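Inspection log for the structure reproduced underneath, given as structure tokens.
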Amino acid sequence: MYPSRFHYEAPRTLDEALDLLQAYGDEAKVLAGGQSLIPLIKLRFAAPAAIIDINNISGLDYHEEDSDGSLYVGALCRHRTLERSPLLRSKHPTMSATAPLISDPMVRSRGTLVGSLCHADPQGDWASVMLALGGEIIARSTGGERVIPVSQFVVGPFQNALQPGEIAVRARVPAPRGTRSGTYLKLERRVGDFATVGLAVALETSGGTINRAGLALTGVGPSNIQCTAAEQALAGKTLNASTIDQAARLAAEAAQPKTDVRGSAEFKRHVVYTFVTRALSNPQARAA
Amino acid sequence: MAQALDEIKIGGLGSSRKRVEDDRFLRGKGNYIDDFKLPGMVHMEILRSPLAHARITSIDTSKAWQIPGVHMVLTGDMAAQHNLAWMPTLSYDTQAVLATDKVRFQGQEIACVVADDPYIAKDGCEAIVVEYEPLPPIVNPYQAVAEGAPIIRDDKEGQTDNICYRWEVGDREGTERAFAQADLVSKLELHYPRSHPSPIECCGSIADYNSATAKLTVYMTTQAPHIIRAAVAIVAELPEHMIRIISPDIGGGFGNKVPVYPGYVCSILCSILLTRPVKWIEDKTGNLISTHYARDIYYKGELALRKDGKILAVRFHCDSDNGAFFSDAQPTKFKLGLIHSAFAAYDIPFGYMTAQGTYTNKAPGGVAYRCSFRVTEAMFFQERAIQAAAYDLGMDQAAFRRLNLVKSHQFPFRTPYGFLLDSGQYEKCLDVALNAIDYDDFLREKEEARAQGRRLGIGISTMTEPLGAGNSREYDILGIKMFDAAELRVHPSGKAILKIGSKTQGQGHETTFAQIVTHELGIPAADILVQHGDTDNTPFGMGTYASRSTPVAGAATAMVARKVRAKARKLAAHLLEVSEEDVEWELGRFHVRGAPNNGVSIQECAMAAYGNMPDGMEPGLENNAYYDPPNMTWPFAAYIVTVEVDPETGVWDVLRMVAVDDCGVRINPMIVEGQIMGGMTEAYAMANMQFITYDAEGNCVGSNYMDYLLPTAWETPGFELHEVVTPSPHHPIGAKGVGECAAVGGPAAFVNAVMDAIDDTGVRNIDMPLIPDRVWEALKYRRDISGAPPVKSDAD
């Protein structure tokens with residue numbers, strides 16, 4: 001790969017990174033896993049004046065629960081770590097189902113959840129998952145930290161809500177009300193492909209009654225889509241053929257698919273319907 | 001009595017000895033083109049056209065020249081001063097090296113920049129300003145022949161349309177008479193989508209012109225170094241003996257590395273102009289959008305059928321999309337390669353075919369991607385048509401095949417298109433496959449599943465293909481007949497070096513060709529070094545593609561070993577002090593007739609050739625052989641696939657895949673199996689996901705590995721391999737080609753299986769690739785999905 005010329009910075013501390021970010025302004029890009037940034041500079045679609053590589057900063061590669069049951073994922077926590085995480089496997093089924101479906105093993109060894117959210121690719125899987133889970137991003141600048149719900153963090157295709165000088169340092173998934181269940185279904189043409197259709201389902205239930213339902217879609221709109229109507233229709237209900245069908249229809253209506261090389265809009269909408277039906281009928285269901 | 005040698009133990013015929021190449025590949029000790037660094041070497045990058053069809057109004061290179069570290073900015077006009085703006089193709093057309101007048105496809109080479117490093121060269125390309133006047137693009141054969149279509153090749157004198165060839169083969173009138181007798185005519189229209197061989201290593205070259213000696217050395221990713229040397233001599237007007245082509249380790253070829261590409265020519269010209277080594281390493285996008293593609297043929301065919309299932313005649317027409325330049329690498333006589341080998345496996349009395357090639361604003365090529373000159377398309381069309389005919393007759397698809405396959409007693413069998421099949425046991429192969437897949441059980445299972453709303457299907461593909469071009473009567477490239485040569489030197493200690501004109505790109509020649517010598521001479525394979533890929537140091541050969549190496553260069557190897565053995569026999573007679581007639585050969589040893597204990601080994605004969613030869617005998621133990629094959633070899637395969645289709649998502653999963661290959665005598669069974677698995681993976685890819693398409697503006701969709709899909713180990717199904725052995729009667733060791741069989745015969749098995757799973761819907765065809773969207777649409781609307789996968793948009 002022969003990218004354009006750029007300055008390479010490898011700060012050792014977060015403060016140093018924030019100072020560099022301040023100095024370069026919007027000429028700089030932060031490099032975590034490089035899952036998306038590296039291809040962009042390889043193809044010279046992006047030519048940042050500086051790359052601030054945060055991989056040498058310690059204390060960012062973690063995922064852990066606090067005493068309240070909130071999950072925190074650090075900015076350098078790789079997909080691969082999440083894929084193999086016993087914590088996720090036991091308590092976070094939607095995330096646990098998603099991690100192995102991110103790209104391919106090489107990319108999963110480098111790429112990060114937080115980086116994926118920052119990149120805000122409309123075909124990114126993690127943003128749908130975080131929308132379904134009600135997740136948040138914690139951004140830090142020299143002035144301190146602020147919390148941004150993922151629903152407000154992803155502001156458009158490849159656009160996030162970070163201000164100049166801010167670095168996303170971790171993601172937070174709030175503790176569930178009741179028991180968590182859910183899955184991620186992804187129709188892809190081949191391992192490593194972007195989703196033709198992706199569906200994140202995250203349910204919080206108490207004895208069969210849904211306290212909170214999270215449904216979000218990948219690949220069928222200008223950004224990841226939270227299926228608010230379907231979520232509201234499920235809240236307070238139990239799962240049965242009728243509630244499932246209603247939620248599936250509402251989710252299919254919420255989709256804004258475009259016809260492209262992966263398939264027609266009509267096809268993708270039908271897959272949304274099928275996926276919601278399958279995921280709610282069997283919340284442990286894994287990918288198609 | 002002396003212990004007889006165990007041929008398997010010493011690595012002879014039938015030994016699954018490990019590939020000797022792998023040691024260096026797996027340890028990172030291979031030498032690929034990009035590993036070479038020559039003193040004073042500079043780097044070249046190519047500027048490519050973003051547009052598919054446009055007139056070039058100006059090219060301003062001044063800013064590129066100003067970048068520090070840039071040594072050369074070469075344009076078409078500069079190349080024209082050296083008569084190199086255009087070059088001849090292997091199909092007697094011309095191809096632009098660097099565009100001077102128009103760009104004719106997206107990705108076409110416009111200029112190149114040579115600099116101290118590739119980064120600077122790339123910066124230089126970005127600094128070149130090209131102004132275009134866009135012209136309407138043509139992206140398929142039907143647009144190409146539509147009224148008022150712009151003439152793509154206005155550079156060619158007398159070219160008034162977009163047709164690059166018309167061709168016909170067979171007996172038109174006899175076929176017409178047979179169709180008049182038919183009870184039923186089964187028709188089918190198909191498209192084999194454009195794909196790309198896509199070797200992991202892209203193309204590249206290092207041209208090193210020495211101004212003192214006037215010798216040009218080119219390190220090059222080529223499957224056919226000798227024919228390339230001839231081509232370079234013609235294109236660059238250099239004396240052939242002063243050109244040396246070195247083809248080092250190659251990271252996959254699949255046909256992609258047969259042609260001469262503009263990048264090679266530019267690196268040569270830049271090296272001559274700069275008098276220093278110039279390295280060009282193509283990037284992945286450049287490889288995918290500009291180098292030779294494969295397939296892209298539209299088929300319209302019909303079979304004349306008798307009620308009892310007998311096929312009376314076949315006729316078909318093919319429209320090929322040849323891109324901007326007619327540059328197929330194929331034998332001169334055959335305008336659409338060996339497409340007329342279609343239906344060869346079946347006993348069909350009459351056949352007639354026509355074909356028409358068109359220029360379009362797409363990358364040129366039509367290279368045989370793991371395929372012997374378009375036989376992949378031929379066998380796909382054949383096997384789809386055969387299944388459709390069985391359905392039309394209401395016959396079981398296996399029974400219909402069995403009825404019409406050429407029978408074992410009919411060989412040699414002349415096909416209606418003029419080929420001569422050498423040998424085979426077609427019914428036996430089919431039986432082995434049906435038995436392996438539990439055919440009758442599966443048909444029951446399919447019925448039961450259908451009753452529960454599940455869709456299972458079974459697809460069969462049975463085919464033979466012509467491998468090993470050619471014979472010199474019919475096959476030539478650029479007027480050079482298609483033969484191969486081998487040279488064998490046995491050294492005093494009995495160790496040997498074999499030099500061959502073919503060139504491995506992963507096939508394992510360094511392993512298997514030694515095994516042929518071992519079989520003929522009894523010298524352990526580990527004592528034989530195989531050399532290839534350097535035109536100064538190997539005998540002439542037409543190269544490695546079209547599964548021709550074992551049939552042709554392998555035969556040359558056996559023949560040269562036999563010549564060496566004949567001389568060794570004289571040496572043995574001398575050592576044993578008997579007449580030559582009284583010497584008998586066993587593997588690795590001569591003995592006196594009737595006295596098996598009184599013998600000498602081949603190694604002792606070798607020593608005698610250098611130290612104790614009889615009076616009057618020329619010293620040494622070496623020879624060479626040129627082999628002109630009398631016919632092609634005709635392997636046979638029966639492939640069966642079972643699938644389940646998910647009607648709600650269009651996704652289809654392969655349940656089982658059985659492959660029965662008869663490729664004659666297997667030199668190294670392990671390598672043969674690897675070839676079959678690799679070919680079957682590519683077959684699955686083509687059926688399932690792999691295609692290059694173009695939008696209405698001529699933009700290539702498939703310019704990187706996010707858009708051009710290669711299957712991974714994750715989705716590739718497992719393969720169950722079986723074998724039948726019918727030795728080729730005319731090949732010295734009975735071997736046949738095999739490298740491509742699975743890639744050729746496989747795709748139809750997958751597609752037929754999916755079609756079988758929806759056989760109650762009235763859908764007659766879904767064209768490849770069978771991506772979920774297309775299968776779902778066919779099922780939902782009960783309609784055929786035909787043609788190239790369109791780049792759809794909401795505007796449609």
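Remember, predicted model here, so these are calculated numbers, not experimental data. So you know, we letter chains A, B, ... as the sequences are listed, proteins then strands, and number each from 1.
- When the shell of 6.0 Å around OH of A:Y8 is examined, it contains more than 12 heavy atoms from other residues, nucleotides or ligands.
- Interatomic distance, CG of A:L187 versus CD1 of B:I771, reported as 10.5 Å (0.5 Å rounding).
- Put simply, the side chain of A:P3 reaches to within 4.5 Å of the side chain of B:Y119, judged on heavy atoms.
- Rounding to the nearest 0.5 Å places NZ of B:K780 at 10.0 Å from OG of A:S264.
- Proximity of B:I120 to A:Y2: side-chain heavy atoms (C-beta onward) are nowhere separated by under 4.5 Å.
- Taken from CH2 in B:W776 to NE2 in A:H270, the straight-line distance is 6.0 Å, to the nearest 0.5 Å.
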Evaluate the side chain to side chain contact (heavy atoms under 4.5 Å, CB included) criterion for residues B:D773 and A:E266: first the C-alpha distance (whole Å), next the side-chain angles of each, then the deciding distance (0.1 Å), finally the verdict.
CA-CA 9 Å; B:D773 163 50; A:E266 185 193 9; over 6 Å; no
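- Residues B:D707 and A:V261 are not in side-chain contact: their nearest non-hydrogen atoms beyond the backbone lie 4.5 Å or more apart.
- Applying the 6.0 Å contact sphere to CZ of A:R80 captures no more than 12 heavy atoms from other residues, nucleotides or ligands.
- The distance from atom CZ of A:R190 to atom CE of B:M689, rounded to the nearest 0.5 Å, is 7.0 Å.
- Nearest heavy atoms, B:W714 versus A:V191: CD1-CG2, 2.9 Å.
- For the atom pair B:E715 CD and A:E188 CD, the distance stands at 7.5 Å (nearest 0.5 Å).
- Contacts of A:F194 with chain B are made by both backbone and side-chain atoms, with heavy-atom separations under 4.5 Å.
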Going through the distances and angles, do B:T285 and A:K42 end up as a side chain to side chain contact (heavy atoms under 4.5 Å, CB included)?
CA-CA 11 Å; B:T285 295; A:K42 178 190 89 167; over 6 Å; no
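- Contacts between A:P39 and chain B at a heavy-atom distance below 4.5 Å are absent for every atom of the residue.
- At a threshold of 4.5 Å between non-hydrogen side-chain atoms, the residues B:D123 and A:R44 count as touching.
- Atom CD of B:E126 is separated from atom OG of A:S4 by 5.0 Å, given to the nearest 0.5 angstrom.
- Atom CE of A:M106 has 12 or fewer heavy atoms from other residues, nucleotides or ligands within 6.0 Å.
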